[in-house]
**Q** 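Here it is, the structure, as structure tokens.
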2 protein chains.
Amino acid sequence: MADLAELAGVSKITVSRALSESPLVNAETRERIQALARKHGYKLNVSARNLRLRRSHTVAVIVEMKPSSGRTMWDPYPLSLLGGISQELTSAGYSVLLTTRQGATDAAVQAADGLILLGQGARQDAVRLYDKLGLPMVVWGAAAQGGDNHIVVGSDNRQGGISVAERFLSIGRRNPVFIGNPDHPEMAQRLFGFVDELAGHGIKPLLLRRADFTLESGVDAVRSLAARKVRFDAIFACSDLLAMGAIRALVELGLSVPNDVSVIGYDDTPLGASFLPPLSTVRQNWQEGGVLLARKVLGLIQGHAVQSQMMASTLVVRST
Amino acid sequence: MADLAELAGVSKITVSRALSESPLVNAETRERIQALARKHGYKLNVSARNLRLRRSHTVAVIVEMKPSSGRTMWDPYPLSLLGGISQELTSAGYSVLLTTRQGATDAAVQAADGLILLGQGARQDAVRLYDKLGLPMVVWGAAAQGGDNHIVVGSDNRQGGISVAERFLSIGRRNPVFIGNPDHPEMAQRLFGFVDELAGHGIKPLLLRRADFTLESGVDAVRSLAARKVRFDAIFACSDLLAMGAIRALVELGLSVPNDVSVIGYDDTPLGASFLPPLSTVRQNWQEGGVLLARKVLGLIQGHAVQSQMMASTLVVRST
DNA sequence: TTCGCAACTGCATACGAATGCACGGGCGTA
DNA sequence: TACGCCCGTGCATTCGTATGCAGTTGCGAA
């Protein structure tokens with residue numbers, strides 16, 4: 001900057017102002033300096049500016065590697081969150097610092113202006129850990145049980161569970177099964193909604209615990225039901241893959257979907273939509289969730305009052 | 001740091017050294033200062049250190065948003081690259097700055113110590129753009145045509161195409177079809193390998209251009225072949241989804257896979273493996289590619305000589 | 001005693017940009 | 001002519017940390 005100042009015949013502070021579009025400097029001077037900067041390939045030193053301004057225009061996104069259950073944040077769909085986050089932050093002039101939670105806190109995270117936590121960790125430990133940094137923080141996940149002081153954004157898993165229960169009830173199903181992992185807070189919410197709604201009609205669903213969210217796991221789940229000669233006429237699977245596996249196994253067993261057994265998945269993946277038969281499922285808009293997360297952190301960073309928010313999840317009835 | 005120094009009764013510079021594990025300071029003093037720092041929740045100012053040390057321990061990963069063809073980097077599998085990158089960089093003490101390429105260069109990118117470019121852009125324009133920053137740079141994609149000066153890592157798409165051709169030849173197929181988008185450099189390589197190998201046996205495949213890499217697109221492609229009454233006995237699809245769509249359409253048409261038509265996909269997605277019938281495909285190890293990318297940038301940053309590298313792609317023969 | 005060396009510690013300064021305040025000149029008004 | 005104001009510019013200083021060099025202390029050897 002000092003060099004540029006010399007070239008332009010002004011002081012370096014005028015250069016600084018010219019490059020940051022300050023109205024304090026004469027328009028013509030500003031143009032001249034900017035042209036000079038371009039010509040000589042001048043690059044602003046971001047570290048220096050961050051130091052002076054005490055902000056980095058950076059938001060750290062912390063991805064949980066070892067989740068409480070089998071589902072990883074590196075799975076395709078949770079990653080759509082990242083897409084939304086990145087899109088929103090970038091267009092607001094912020095950068096995304098991507099970190100995976102493993103061992104010590106990344107030093108660079110401390111320089112961030114805000115934090116987005118993807119996956120709250122078993123017993124909220126991740127939340128507590130990062131709370132200590134004292135940065136604006138927004139968490140993706142199930143709503144906090146108690147009076148926690150950080151913002152939470154998530155889709156309304158409980159409502160999702162209720163919707164599925166309502167659907168099963170409306171088509172006269174009496175022996176529903178839930179496949180998923182209740183240790184995962186989000187899945188637990190789905191289960192609670194599902195169970196509560198059914199209980200209102202005197203029905204108690206069977207809980208089939210599965211930690212993997214793969215097609216194979218779904219196949220296996222249904223086979224185990226058959227092996228145990230369980231009587232069931234509806235399946236609520238915690239992911240589309242599980243649901244597709246379940247359907248495959250049902251077909252193998254000679255059962256008809258949805259005549260003998262109704263199946264509803266979760267996430268509304270493109271794959272489920274083009275599955276044969278097209279999968280009924282609960283839609284979660286991950287992308288939009290990411291955008292929302294980003295907006296909330298930005299709000300906090302700018303000192304606005306911001307509230308937790310649950311995103312509606314909607315049942316998409318197709319053919320299963 | 002000055003405050004800590006006062007508390008500990010030493011100068012701030014001793015504090016600095018104590019916190020960075022410098023052997024210059026007395027072990028006992030160091031312990032005392034570190035304890036004090038912990039107690040008062042002292043946080044190192046990363047911006048200041050970056051300024052002083054002229055490095056940020058950060059690598060920018062630039063994801064191309066609008067690719068030359070229908071495939072987005074936000075698709076699940078390219079994202080595995082990110083997983084590998086993140087894993088490797090984090091464990092080397094580096095942070096990942098995630099940027100999407102849209103409009104102006106993110107200021108924070110300039111502060112990075114190195115660059116990883118995911119998707120080289122049509123006509124290498126992205127590469128040229130970022131080359132100007134003068135940072136160590138590694139690009140994921142097809143090998144550069146000419147004497148470019150940046151490092152390229154990618155899977156050997158040409159070899160992949162050759163393997164598929166060899167397979168088709170070995171099982172006596174004479175009328176192969178290629179489904180994909182040759183505008184995309186990586187797909188183009190697959191096509192070239194495929195065509196060249198077949199040409200050696202006097203066979204010229206049919207090229208069916210498809211920009212979308214969805215199941216629907218695969219269905220549609222095969223239907224159009226049927227509508228045009230094209231004679232074919234083998235399909236090389238540029239993605240597993242395309243291949244699965246193709247198979248579905250073939251089955252609808254009453255054709256048997258693989259008896260009437262052989263189908264080979266690309267990427268070896270878990271989904272393809274559990275498809276019915278299990279999909280034959282070409283395996284690309286994205287995760288490992290990410291690790292490799294990360295290692296190369298780190299090498300460049302440390303001033304080592306580093307070379308471009310193609311990762312072998314292997315044909316996985318299953319049932320199609 | 002004196003010197004040399006080792007082990008610590010501290011001073012001054014640098015890193016590159018941005019802010020508060022002051023300064024100089026041009027212009028309009030009284 | 002004198003005064004005040006605005007526009008444009010520059011000086012000094014600040015942000016928080018790390019390095020080169022210099023200083024201090026204690027101990028053993030000459």
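Because the structure is predicted, anything quoted here is derived from the model rather than measured. Each chain gets a letter, A, B and so on, in the order its sequence line appears, and its residues count up from 1.
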**Q** Any side-chain heavy atom of A:Asp131 sitting closer than 4.5 Å to one from A:Met137?
**A**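 Counting from C-beta outward, A:Asp131 and A:Met137 do come under 4.5 Å.
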**Q** List in chain and number order the residues that pass side-chain contact (heavy atoms from CB on, under 4.5 Å) with B:Leu135, two or more places apart in sequence or in another chain; answer none if no residue qualifies.
**A** B:Leu115, B:Leu133
**Q** With no hydrogens and no angle check, do the side chains of B:Gln34 and B:Glu21 hold a donor and an acceptor under 3.5 Å apart?
**A**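 B:Gln34 vs B:Glu21: donor-acceptor pair found between side chains.
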**Q** Within the side chain of A:Asp113, is there an N or O that forms a donor-acceptor pair under 3.5 Å with the backbone of A:His57?
**A** yes
**Q** Please name all residues satisfying side-chain contact (heavy atoms from CB on, under 4.5 Å) with A:Gln307, sequence neighbours left out, ordered by chain then number.
**A** none
**Q** Please give, in whole Å, the distance from D:dA18 P to B:Glu21 CD?
**A**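 Between P of D:dA18 and CD of B:Glu21: 12 Å.
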**Q** Give the residues of residues 30-41 of chain B touching DNA chain C, defined as any heavy atom closer than 4.0 Å, sorted by residue number.
**A**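 Correct list: empty, so none.
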**Q** Does a donor on one side chain sit under 3.5 Å from an acceptor on the other, for A:Ser155 and A:Gln284?
**A** yes
**Q** Answer yes or no: is there a donor N or O on one side and an acceptor on the other, between the side chain of B:His304 and the main chain of B:Val306, under 3.5 Å?
**A**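 Not confirmed, B:His304 side chain does not pair with B:Val306 backbone.
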**Q** Which residues pass the side chain to side chain donor-acceptor pair (under 3.5 Å) test with B:Thr14, sequence neighbours left out?
**A** B:Ser11
**Q** Of all heavy-atom pairs between B:Leu81 and B:Trp286, which one has the smallest distance, and what is that distance?
**A** CD2-O, 3.4 Å
**Q** Please determine whether the number of non-hydrogen atoms from other residues, nucleotides or ligands lying under 6.0 Å from atom CD of B:Glu6 exceeds 12.
**A**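 Check fails, neighbour count at 12 or below.
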**Q** Please list, by residue number, the residues of residues 11-20 of chain A whose heavy atoms come closer than 4.0 Å to an atom of DNA chain D; answer none if no residue qualifies.
**A** A:Ser11, A:Ile13, A:Thr14, A:Arg17
**Q** Specify the separation, in whole Å, of atom CG of A:Leu24 and atom P of C:dG24.
**A** 19 Å
**Q** For residues A:Asn285 and A:Met311, report the shortest heavy-atom separation together with the two atoms involved.
**A** O-CE, 3.3 Å
**Q** Enumerate the residues from residues 48-60 of chain A whose closest heavy atom to DNA chain D is under 4.0 Å, giving them by residue number; use none for an empty result.
**A** A:Leu51, A:Arg52, A:Arg54
**Q** Can you tell me how far P of C:dG16 sits from OH of A:Tyr42, to the nearest Å?
**A** 9 Å
**Q** What contact category does B:Ser47 fall into here, base, sugar-phosphate, or nothing, at under 4.0 angstrom with non-hydrogen atoms?
**A**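 It contacts nothing in the nucleic acid.
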**Q** From C:dT9, D:dG8, C:dG10, pick the nucleotide closest to the side chain of B:Val25?
**A**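 So the nucleotide nearest the side chain must be C:dT9.
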